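Below you'll find the structure, written out as structure tokens, and then a few comments.
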Amino acid sequence: MKALSSASGPVAFDTETTGLDPQSAELVGIGLALQEGEAYYLPVGHADGPNLDPDRVRSALRPFFADPKSRLAAQNAKYDWHVLHRFGIPVRDVAEDTMVAAYLADPDRPKNLDALAATRLGIEKIPTESLIGARGREQKSMAALPVERVGVYCCEDADVVLRLVPILEKELRAVEGLALYREVEVPLVGVLVRMERAGVKIDTAALEGMSRSLGDAMSRLDHEIQEAAGVPFNVKSTRQVAEVLFERLKLPKGKRTKDGYSTDEEVLETLAPLHPIPRLLLDYRQAQKLKSAYVDALPKLVHPETGRVHATFHQTIASTGRLSASDPSLQNIPIRSEEGRAIRRAFVAEGAKGLLASFDYSQIELRLLAHFSHDPVLSEAFRVGGDVHTATAARLFGVAPDAVTPAQRGQAKTVNFGILYGMGAARLARELSLSRSLASAFIDEYKKTHAGVAAYMAEMLARARERGYAETMLHRRRPLPGLRDSHEGRRAEAERAAINTPIQGSAADLIKVAMVKIDALVTERGLRSRLILQVHDELLFETDEDEIESLATLVIEAMEHALPLRVPLVVHRGRGKNWDEAHA
DNA sequence: ACTTTCACG
DNA sequence: ACGTACGTGAAAGTT
């Protein structure tokens with residue numbers, strides 16, 4: 001182990017474990033690669049041994065993993081970081097993550113280690129399946145295999161990682177992505193580890209109550225629907241629902257799906273005035289969604305040891321640079337409907353003194369649009385500080401802001417969002433229930449009153465076409481080969497992505513910078529408060545009465561000044577015993 | 001494994 | 001006449 005501390009270059013590490021979830025999987029062995037072609041395997045958890053004494057492994061490795069001068073490298077370091085931490089080897093920080101690097105080189109290309117080995121090194125790695133079989137119920141555990149076989153496999157992984165580091169670094173330099181990688185994405189790995197480890201407390205008793213009442217509502221609605229239909233059918237089956245609505249009841253068919261007719265919310269909403277069943281179906285679907293996706297799902301994810309829910313945040317999934325979350329998907333917890341907000345109230349702070357504090361960016365994407373486009377109208381709206389949708393409506397309808405009606409504001413809001421997504425007249429017409437030509441006139445009027453925005457979008461598209469990729473504030477790139485596709489539909493799709501990605505992706509850049517800064521400041525000041533969730537434009541902290549004000553000062557400052565913009569960034573804050581209360 | 005639907009920003 | 005608004009994750013039915 002002497003060699004470890006004297007290693008000057010990066011040291012790649014890899015863990016083999018008993019499962020896929022790093023918060024419950026147990027360590028089987030550790031692989032370390034100090035130079036190419038040379039790697040070591042430390043077995044600690046093989047059922048039949050021989051294993052090294054875990055305590056000796058801990059004492060031998062702790063100094064190295066705790067040393068800020070160590071340059072640790074791994075594929076998806078977040079996973080190994082969790083496992084080692086739980087094993088008793090705290091990780092100070094990592095310097096390289098090949099999965100993150102590959103994601104920045106091209107977010108849409110495969111970035112699992114086998115793929116990276118094949119595309120960057122021309123190496124065909126030992127297939128994982130050859131050791132533990134295909135994933136599924138019959139998959140074996142690494143712990144059940146001989147040390148020799150797992151060791152070779154693990155060493156190969158570590159070796160491949162070590163070889164990939166300089167290659168990916170070169171790729172990142174070539175795409176101007178090195179600063180984003182080193183200053184934002186790699187530091188973020190540790191932030192995400194700490195968020196995942198913290199988890200969030202759930203009021204399971206409240207959810208159990210909701211489960212019963214939702215279940216009752218569902219059986220009642222199911223009964224009413226079957227009664228009204230006059231034939232028994234599975235209300236959960238879209239195919240059978242379509243048959244009942246469009247063949248038996250002869251209701252007007254709307255949009256098509258791949259095979260058959262759609263029964264989605266929009267269709268059911270238009271059919272609701274014609275027959276009682278569509279409304280009942282809508283109610284049934286809402287109850288079913290809330291019950292299965294949240295109320296019944298969340299308690300199953302409570303960790304037996306911590307009593308909290310520890311989601312996984314994915315740093316290399318979203319093409320735009322956003323984070324995603326799974327198990328559970330914490331970024332789509334209901335808020336829009338009152339029924340759904342009850343679920344948010346089950347996300348609570350720990351202990352009697354505990355508080356949740358939420359901070360969210362106000363209109364971050366439209367502010368970024370104002371920043372990028374220099375559009376005077378949009379920029380002025382943000383500098384003045386009023387409601388942006390009202391300001392847009394005032395321009396669009398040629399009235400004073402105080403004269404804007406709620407309906408006009410709603411239409412302007414739809415237009416504003418539509419602009420961010422590259423919406424066409426057809427969709428706007430549908431959204432606003434206008435004729436297509438009127439919708440088209442709307443868009444023309446917007447482009448006239450917001451000439452800077454129109455010019456910016458045209459410029460953005462032209463640049464993306466020329467370069468073949470869209471780019472964010474921090475030079476995050478998203479290659480868009482679809483821009484040159486001969487298929488018109490796919491080309492149009494890529495064009496909309498070219499318009500939206502710089503906005504959505506720059507918003508992701510901003511909040512990631514803020515997260516890294518906040519994490520460092522919270523540690524530096526020795527605060528107890530913990531960042532527990534990120535929902536694209538919102539950060540949720542668990543804190544307490546004594547600390548919340550100093551936390552808020554620090555967080556708001558970091559978020560509002562994460563990166564300099566030509567328009568002010570505004571953060572709203574809220575606090576409470578649960579997430580619904582805390583949401584600003 | 002794929003499709004449809006729907007929860008969120 | 002194109003039903004062409006961006007990005008996700010999960011459950012359930014269907015194949």
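In the text below, chain A, chain B and the rest are named by the order of the sequence lines, each starting its count at 1. As the structure is a prediction and not an experimental result, all values here were calculated from the model.
- OP1 or OP2 of B/dC6 lies within a sub-4.0 Å distance of a side-chain N or O belonging to A/Arg285.
- Taking only side-chain atoms of A/Asp537, from C-beta outward, the nucleotide of C/dG7, C/dG9, B/dG9 with the closest atom is B/dG9.
- B/dT4 is paired with C/dA11 under the criterion used here, namely a Watson-Crick or G-U wobble arrangement in which both key atom distances are under 3.5 Å.
- Taking atom CG of residue A/Asp327 and atom P of nucleotide C/dA11, one finds them 8 Å apart after rounding to whole Å.
- Atom CD of A/Glu265 is separated from atom P of B/dC8 by 10 Å (rounded to the nearest Å).
- Distance from the side chain of A/Val535 is smallest for B/dG9 among the nucleotides C/dC2, C/dA5, B/dG9.
- Formation of a donor-acceptor pair under 3.5 Å by the A/Tyr456 side chain with backbone atoms of A/Asp375 is not found in this model.
- In this structure, the nucleotide among C/dA5, C/dA12, C/dA10 sitting nearest to the side chain of A/Lys236 is C/dA12.
- Side-chain contact between A/Arg344 and A/Asn578 is absent, with no heavy-atom pair separated by less than 4.5 Å.
- Residues A/Glu459 and A/Arg463 form a side-chain contact, since some pair of their non-hydrogen atoms from C-beta on lies under 4.5 Å apart.
- To the nearest angstrom, P of B/dC8 lies 9 Å from CD1 of A/Ile343.
- When only modelled atom types and interatomic distance are considered, A/Gln411 and A/Glu431 share no side-chain donor-acceptor pair under 3.5 Å.
- Residue contacts for A/Leu420: at a heavy-atom cut-off of 4.0 Å it reaches no nucleic acid atom on any strand shown.
- When each of A/Thr501 and A/Gly254 is assigned the nucleotide of DNA chain C bearing its nearest heavy atom, the one mapping closer to the 5' terminus is A/Gly254.
- Rounded to an integer number of Å, the gap from A/Asn500 CG to C/dA5 P is 13 Å.
- Residue-level contact check: A/Ile317 touches the backbone only, with heavy atoms under 4.0 Å from sugar-phosphate atoms and none from bases.
- With B/dG9, C/dG7, C/dA12 as the candidates, the nucleotide lying closest to the side chain of A/Gln288 is C/dA12.
- In terms of polar N and O atoms assigned as donor or acceptor, the side chain of A/Glu365 never comes within less than 3.5 Å of the base of C/dG7 in a complementary pairing.
- In this structure, the nucleotide among B/dG9, C/dA10, C/dA12 sitting nearest to the side chain of A/Ser292 is C/dA12.
- Distances from the side chain of A/Tyr421 to the nucleotides B/dT5, C/dA5, B/dG9 place C/dA5 closest.
- Using a 4.0 Å cut-off, no side-chain N or O of A/Gln286 falls inside it from OP1 or OP2 of B/dA7.
- Only the P atoms considered, C/dG3 is 15 Å distant from B/dT4, to the nearest whole Å.
- Within the 4.5 Å cutoff, the side chain of A/Leu432 has no heavy atoms near those of the A/Leu438 side chain.
- For A/Ser324, the listed nucleotide lying nearest its side chain is C/dT8; candidates were B/dC6, C/dT8, B/dA7.
- Between the OH atom of A/Tyr261 and the P atom of B/dT4 there is a distance of 14 Å, rounded to whole Å.
- The same atom, P, is picked in C/dT4 and in B/dG9; the two are 26 Å apart, to the nearest Å.
- Of the candidate nucleotides C/dA5, C/dA10, B/dT5, C/dA5 has the atom nearest to the side chain of A/Arg430.
- For the atom pair CZ of A/Arg345 and CG of A/Leu207, the computed distance is 11.5 Å after rounding to the nearest 0.5 Å.
- Side-chain N/O atoms of A/Ser262 include one lying less than 4.0 angstrom from OP1 or OP2 on B/dT5.
- Phosphate contact (OP1/OP2 of B/dT5, side-chain N/O of A/Thr263, threshold under 4.0 Å): present.
- In this structure, A/Glu581 contributes its side chain and A/Lys577 its backbone to a donor-acceptor pair below 3.5 Å.
- Across all strands, A/Ala325 comes closer than 4.0 Å only to sugar-phosphate atoms, never to a base (heavy-atom distances).
- Comparing A/Glu493 and A/Arg436 by the nucleotide of DNA chain C whose heavy atom lies nearest to each, the residue mapping closer to the 5' end is A/Arg436.
- Taking only side-chain nitrogens and oxygens, A/Thr320 never comes nearer than 4.0 Å to OP1 or OP2 of C/dC6.
- Counting atom types as modelled, A/Arg322 pairs a side-chain N or O with a base atom of B/dG9 as donor and acceptor under 3.5 Å.
- A/Glu488 comes within contact range of at least one nucleobase, with a heavy-atom separation under 4.0 Å.
- Checking B/dA7, C/dA5, C/dT8 against the side-chain heavy atoms of A/Arg427 singles out C/dA5 as nearest.
- Within the structure, a side-chain polar atom (N or O) of A/Thr257 is placed less than 4.0 Å from OP1 or OP2 of B/dT4.
- Heavy atoms of A/Ile335 sit under 4.0 angstrom from primed sugar atoms or phosphate atoms, though from no base atom.
- Between A/Leu533 atom CG and B/dG9 atom C1' the separation is 14 Å, expressed in whole Å.
- Taking atom CG of residue A/Asp264 and atom P of nucleotide C/dA11, one finds them 21 Å apart after rounding to whole Å.
- With both ends at atom C1', the span from B/dT5 to C/dC2 equals 23 Å, rounded to whole Å.
- Under 3.5 Å, the side chain of A/Gln504 and the base of C/dC6 form at least one donor-acceptor pair of N or O atoms.
- Phosphate contact (OP1/OP2 of C/dG13, side-chain N/O of A/Asn234, threshold under 4.0 Å): present.
- In this structure, of C/dT4, C/dG7, C/dG9, it is C/dT4 that holds the atom nearest to the side chain of A/Ala492.
- Under the Watson-Crick or G-U wobble criterion, with both distances below 3.5 Å, C/dC2 is left unpaired in every strand shown.
- Base contact: A/Arg336 has a heavy atom under 4.0 Å from a base atom.
- Distances shorter than 4.0 Å separate none of the side-chain N or O atoms of A/Arg239 from OP1 or OP2 on B/dT3.
- When atom types are taken as modelled, the side chain of A/Ser329 and the backbone of A/Ser326 share no donor-acceptor pair closer than 3.5 angstrom.
- Whole-Å rounding puts the A/His314 NE2 to C/dG9 P distance at 6 Å.
- Although no hydrogens or angles enter the test, the distance criterion places no donor-acceptor pair under 3.5 Å between the side chain of A/Gln408 and the main chain of A/Ala393.
- Counting non-hydrogen atoms under 4.0 angstrom, A/Glu266 reaches a base of the nucleic acid.
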